[in-house]
Number of protein chains: 2
Amino acid sequence: MSSKSQARRAQLREKLVEAAEVRIDREGLGELRARDLARDAGCALGAIYNAFEDLNAIVMAVNGRTFRALGQAVSDSFDGSEAPVQRLIVMSTAYLRFADAHTNLWRALFELKMTQDGPVPDWYREALAGLFGLISEPVSQIFPEMKREELELMTRALFSSVHGIVSLGLENRISGVPPEQIERMIGQVLRQIGNK
Amino acid sequence: MSSKSQARRAQLREKLVEAAEVRIDREGLGELRARDLARDAGCALGAIYNAFEDLNAIVMAVNGRTFRALGQAVSDSFDGSEAPVQRLIVMSTAYLRFADAHTNLWRALFELKMTQDGPVPDWYREALAGLFGLISEPVSQIFPEMKREELELMTRALFSSVHGIVSLGLENRISGVPPEQIERMIGQVLRQIGNK
DNA sequence: GGCTATTCCTGAACATGGTTCAGGAAAGGA
DNA sequence: TCCTTTCCTGAACCATGTTCAGGAATAGCC
């Protein structure tokens with residue numbers, strides 16, 4: 001066995017992912033540099049490529065963490081006592097707060113796949129499915145008459161809508177739309193949808 | 001005067017923007033190369049930087065065209081006889097069709113600003129305002145009781161929602177969501193919102 | 001038309017940044 | 001202890017945006 005090697009390798013992977021997370025959070029995905037990561041992790045430039053396939057793989061690892069944290073934030077946001085529409089609003093607000101607090105990390109979640117040609121990785125699909133699971137419950141309470149397929153579509157549609165509002169809302173942060181306004185937009189849309 | 005110079009310069013600019021548009025449309029923004037553009041336009045590499053500040057400026061010019069074409073597609077999509085909700089759906093469908101037909105060009109519209117730090121350019125703001133103008137009319141018919149500020153927010157919210165649905169819908173094109181499903185999601189959300 | 005100043009074009013060179021690789025160091029096994 | 005394997009190192013490689021010195025074309029003027 002090669003426990004020492006393995007351990008060191010794992011430690012390096014951890015340090016690299018940690019460093020990448022900090023740098024992406026602070027500067028954005030576009031400012032991530034292999035040489036900076038090597039310095040942060042105290043390893044040689046080439047060592048990165050021993051621990052990971054390439055820089056992308058590190059970003060993927062960061063995205064995995066981010067996605068888990070995001071899912072956690074959303075599932076921690078409600079206690080189950082809310083009315084369905086209210087719960088959707090609360091969850092969406094948690095989504096907004098997370099995106100606002102970690103805009104660069106959250107953006108990296110979507111920037112990477114846009115650029116890449118390869119298929120969406122499994123963990124991404126699963127994480128998204130997890131989020132959808134949280135949403136589909138209140139959605140099916142709001143629309144008890146809908147069939148499963150239509151409910152799935154509606155769940156996806158609502159998630160996408162909130163994502164769009166947050167995404168465009170945070171985009172021109174400098175020039176407009178403060179988070180409270182974004183929150184109001186989310187409320188407008190979701191409440192309106194609840195008013196059948 | 002320097003009519004001949006000016007004309008050639010203008011012609012080069014045109015050829016570069018044209019070439020960039022074709023390449024972005026076909027390969028995506030990420031595959032755009034200065035050297036390819038120079039070859040396409042039949043000029044030297046350095047000549048690009050005489051006609052434009054940098055590559056970004058060319059992409060901006062392409063984005064300007066794209067945005068105009070998108071606005072045209074949306075405003076051509078309705079004839080004014082539709083009921084308000086129906087008009088929103090028709091416009092959104094036009095947006096979807098455009099995004100589906102020219103996904104890479106449409107994505108470039110949003111990818112650039114995300115990466116850049118500078119403020120959003122004026123033409124972008126104006127073009128978006130133009131789109132919002134088209135949307136706000138049916139929105140104010142649907143919500144006659146709303147004040148201007150609330151209407152503006154709702155307009156923005158609905159645009160963002162449709163954008164989000166289209167954006168996430170087209171993202172994993174390979175693995176899921178065909179355009180008809182995206183269209184159904186748009187219909188679900190907008191019709192639901194119209195059902196006050 | 002000829003002459004000079006200016007402006008533009010050219011492509012080699014530069015800067016940056018991801019990735020590779022030959023050579024040496026460390027770990028594992030006997 | 002010695003050999004094998006594995007890993008680490010950082011210099012070099014390659015791609016790509018951008019610049020720049022030198023030459024070509026153009027403009028203005030007589």
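The shown structure was predicted, so the numbers you read here are calculated from the model rather than taken from an experiment. In what follows, chains carry the letters A, B, and so on, assigned in the order in which the sequence lines appear, proteins first and then strands, with residues in each chain numbered from 1.
The distance from atom CZ of A/R23 to atom P of C/dG17 is 11 Å, rounded to the nearest whole Å. Distance, B/N50 CG to C/dT7 P: 11 Å, rounded to whole Å. Nucleotide C/dG18 holds its P atom 10 Å from the CD1 atom of A/I58, rounded to whole Å. What separates OH of A/Y49 from C1' of C/dT20 is a distance of 9 Å, to the nearest Å. Summarising the geometry, the separation between CZ on B/R9 and C1' on C/dT6 is reported as 14 Å, rounded to the nearest angstrom. In this entry the distance linking CG of A/N56 with C1' of C/dG17 reads 14 Å, nearest Å. Here the C1' atom of nucleotide C/dC8 and the CD atom of B/Q11 are 15 Å apart, to the nearest Å. Taking atom CZ of residue A/F52 and atom C1' of nucleotide D/dC8, one finds them 16 Å apart after rounding to whole Å.
Residues of residues 35-48 of chain A that place a heavy atom closer than 4.0 Å to DNA chain C, in numerical order, are A/R35, A/L45, A/G46.
With A/D40 as the fixed residue, the side chain to side chain donor-acceptor pair (under 3.5 Å) test singles out one of A/K15, A/R23, A/R35: A/R23.
Among the atoms of the strands shown, none is found under 4.0 Å from any heavy atom of A/L12.
Remark: A/R13 is positioned above the aromatic ring of A/F52, its terminal NZ or CZ atom under 6.0 angstrom from the ring centre and at most 45 degrees off the axis.
Counting heavy atoms from C-beta on, the side chains of B/V166 and B/I186 come closer than 4.5 Å. With contacts defined as side-chain heavy-atom distances shorter than 4.5 Å, the pair B/R39/B/R33 does not qualify.
The aromatic rings of B/W106 and B/H163 sit tilted relative to each other, their planes meeting at an angle between 30° and 60°.
Neither OP1 nor OP2 of C/dT16 sits under 4.0 Å from any side-chain N or O of A/R33.
Although no hydrogens or angles enter the test, the distance criterion places no donor-acceptor pair under 3.5 Å between the side chain of A/S167 and the main chain of A/G164.
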